[in-house]
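Reading through the structure tokens given below for one structure.
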Amino acid sequence: MLERIAAQAPAFFSGSNAAFLLEAVGRTLWMTLIGCSIGFVLGLVMAVLRQSRSRATLPLRLLAIGYVEFFRRIPFLVILFIVLFAAQPIIPEASLLTLATIAVVLLATAFLSEIVRAGLESVPRQQKEGALALNFSAAQTLFYVLLPQSWRVILPPAAAFMVMFIKDTSLASFIGVAELTFAGKMLVNNGFSPVLGFGTVLLLYFLMSYPLARLAAHLEKRLASSRDR
Amino acid sequence: MLAGSVHARPIQEIVRDGTLKVGVNPNFPPMSSYGPDNELVGFDVDVARAIARRMGVKLQLVPTEAAQRVPFLVSGRIDMSLGALTRTPERERLIDYTVPLHSEAMGVITTARLPVSSWEELNRPDVTLVNMRGNQSVEVLKEKLPRPQRLLVDGNADTIRAIAQGRADALVENVDFFIGFTKNYPEVKWQILSDPIFVAYCAIGIAKGNRGLQAYLDGALYELHSSGEIGRLWQKWYGAPMTVPIRPEQYVEAADKVNAPMTGGGGSGEGRGYDFAFEEVLDELPYLLGGALVSLQIAFISFWAGSAIGIFGAVAKVYGGRVTRGIADGYVTFFTNTPALVQIFLLYYALPDAGVMLSPMTAVLLGLVLNSGAYLTEILRGGVISVRRSEMEAAVTLGMGRRQILWHVMLPHIARTIYAPLSNFFIWLVLGSSMAALFGVEELTGRAINISTANLRTIETFTIVALIYVSLTIVASVSLALVGRYAFRVKMKPL
């Protein structure tokens, strides 16, 4: 086994393979970053919606609750399949990468809206009552009272979620998105040793995930201490 | 939510847009695969190029795995599908075909390990046949060779790898398509039995009712066959003529259409709308629910075996010396920062090279257990450090023994801290077990893939499977919350 790896190493670490793997890394990061960012915005909207108590938004609130409960309870792989086959008649021009990113958005919206909601609910009730007493509008309460006090609670778990998702996008290889895991599979299918192919892919994932995970942990510590101050 | 209408482009629109979208398999040499420059090359690619050239349009190759061919045509993602699409009645309901492009003669690829001289001798229960999901031969073989065990994999390369690594004994398929991969394993004594079991014909697939394109392609194939172009391309990529040649009468009917004008040709090209057919999937509900049980088993085993590792890990991280702590840290850091999927790939595909062979189920379980161990180490550590020093000191002052401290002071604290994260982690495992499907384990998602590649009702199948997952995890969440409330006095919202 070791001889095989040694014999293949020069051919494996060629310029074209390196470029191919780097492109794949780019797609992995793209899916995570774009998918989670859009998911965060949508999740924020959904969480804010669920804070409202007016009767007019009741159907929307129920819809949001149903959405969150549904998408948090099905595997990413199944979401990928449903998006792949259901979204096509609507947007036949979309690339596989786009479809996978849509799947990320669907899932990230559900999880991030829960994270945002927990953040908004962490603000003491008296703050809201104070805003009400000062005759703040709903938007003013949100932007001047709730969000400034809750982003410290929201940001650390939201960042951790995004870092976690880097790994989950590996499932998109199955529907044919040429991301990092797909690239590894292709190199192995072309005859390279699985240790070399998948080992390199594993290392690349680690290099993406570890520094970001450290950053997220650092963020959590800093924000937590500033909150206690 | 889903529009029923499907957009298949009529030939006029393809010509106006100037691009023909052709589905080819990305992992199917010499039919089509990524060459040394990571560009698609092969027989299918050359055929697609010849057709696009004749049509006077640019060619856009869309990587299409075997199981995606029909859904991609139905949805209009591709105008035509190559990739050795065999004509079958199930597919005929959803798509249309041209005249044959090439034949497909089923033979046997096996190794010297299995001393057989004809395909009938494979009909033994101690033989494992490997095959690809979505291939028409899967169903044919159930009839012709009912007794062997079966291993379903997802790519052409995976079939040959499975035989080389000893997971399966033989592949009954079109020998031409798979023989290319055997050169990846020069140390294996390959054996080919090429007496054809039966012959099928592969055609170009197009969306249902796209008559104009069909007539045009029939004509194009007539020309490519009779000019000898297809024969030349086959010889170029396969190094031999087609085992069973296409007979002229199979495409002579196309001769009339050879000059079919591009703009006419009849048929609007609008495929008939997609009709949802949930009944077909509901018939399979018992099979799917059986798969859900397998998913739960995977989650249970991973959870409890992972907890055992997690206890050691947590104790090592909190009370361990420098070395033990370092090992536990390294383990957790590695496994929580890399995808479980790739870890299992490595266990499943690389360990056989070192002489350790894991079944798909074992590989998935091992991967998930190691992963759970890492995450549970962190959760349990959080529990251990939740016990405050002052409480421990108070217990010592009160004269409590070690066992009493553990039982009355530490454990209640730990249980209350970790109960909610543990419950969430279990739900995560139920969902995460779906990964096993990618290794051919027949749990819920795996069975869904099996069903949908046979009945081609992908959307319906996965919608029902999604609902099964939702119900399963809601039941699990509610029961875990109730147990938590009454046994550990943990306030948890059930949803």
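Throughout, a chain's letter reflects where its sequence line sits, starting with A, and its residues are numbered from 1.
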>> Could you measure the distance from the CG atom of B:Leu467 to the CZ atom of A:Phe70? Nearest 0.5 Å is fine.
In response: 5.0 Å
>> Is the shortest side-chain heavy-atom distance between A:Arg73 and B:Ser477 below 4.5 Å?
In response: yes
>> Using only non-hydrogen atoms and a strict under-4.5 angstrom cutoff, which residues of residues 204-214 of chain A touch chain B?
In response: A:Tyr205, A:Phe206, A:Ser209, A:Tyr210, A:Ala213
>> Given heavy-atom pairs under 4.5 angstrom as the criterion, report whether the side chain, backbone, both or neither of A:Ile5 touches chain B.
In response: neither
> A:Val188 versus chain B, heavy atoms under 4.5 Å apart: side chain, backbone, both or neither?
Replying inline: both
>> For a quick test of reading the model, state the closest non-hydrogen atom pair linking A:Pro75 to B:Leu431 and the distance between them.
In response: CB-O, 3.5 Å
>> Can you tell me which portion of B:Lys21 sits under 4.5 Å from chain A's heavy atoms? Options are side chain, backbone, both or neither.
In response: side chain
> Hey, what do you get for CZ (B:Arg77) to CZ (A:Phe85), rounding to the nearest 0.5 Å?
Replying inline: 10.0 Å
> What residue in B:Tyr469, B:Phe181, B:Phe334, B:Phe72 has the most heavy-atom pairs under 4.5 Å with chain A?
Replying inline: B:Tyr469
> With sequence neighbours excluded, what pairs up with A:Ser52 under the side chain to side chain contact (heavy atoms under 4.5 Å, CB included) test?
Replying inline: A:Thr57, A:Arg61
> Who are the side chain to side chain contact (heavy atoms under 4.5 Å, CB included) partners of B:Glu378, not counting sequence neighbours?
Replying inline: B:Lys317, B:Val332, B:Arg381
>> Only heavy atoms, only distances under 4.5 angstrom. Which residues in residues 159-171 of chain A are near chain B?
In response: A:Lys167, A:Ser170, A:Leu171
> Any side-chain heavy atom of B:Phe345 sitting closer than 4.5 Å to one from A:Thr181?
Replying inline: yes
>> Once rounded to the nearest 0.5 Å, what's the spacing between atom CZ of A:Phe198 and atom CG of B:Leu341?
In response: 8.5 Å
> B:Thr333 versus chain A, heavy atoms under 4.5 Å apart: side chain, backbone, both or neither?
Replying inline: both
> Is it true that a side-chain atom of B:Glu65 and a backbone atom of A:Ile175 form a donor plus acceptor pair closer than 3.5 Å?
Replying inline: no
> Rounded to the nearest 0.5 Å, how far apart are CG of A:Leu202 and CD of B:Gln343?
Replying inline: 6.0 Å
>> Taking side chain as everything from C-beta outward and backbone as N, CA, C, O, which of these in B:Ile449 sits under 4.5 Å from a heavy atom of chain A? Side chain, backbone, both or neither.
In response: side chain
>> Less than 4.5 Å to any heavy atom of chain B: does that hold for the side chain of A:Ser173, its backbone, both, or neither?
In response: side chain
> When only pairs under 4.5 Å are counted, which of B:Trp428, B:Tyr349, B:Tyr34, B:Phe462 shares the most heavy-atom pairs with chain A?
Replying inline: B:Phe462
> Shortest non-hydrogen contact from A:Ile74 to B:Ala466?
Replying inline: CG2-O, 3.1 Å
> Which pair of heavy atoms, one from A:Val78 and one from B:Thr445, lies closest together, and at what distance?
Replying inline: CG2-OG1, 3.8 Å
>> Would you compute the distance between atom CZ of A:Arg72 and atom CD1 of B:Ile474 and round it to the nearest 0.5 angstrom?
In response: 10.5 Å
>> Pair B:Leu438, A:Leu77 - check side-chain contact (heavy atoms from CB on, under 4.5 Å), show working.
In response: CA-CA 10 Å; B:Leu438 306 191; A:Leu77 193 58; 3.9 Å; yes
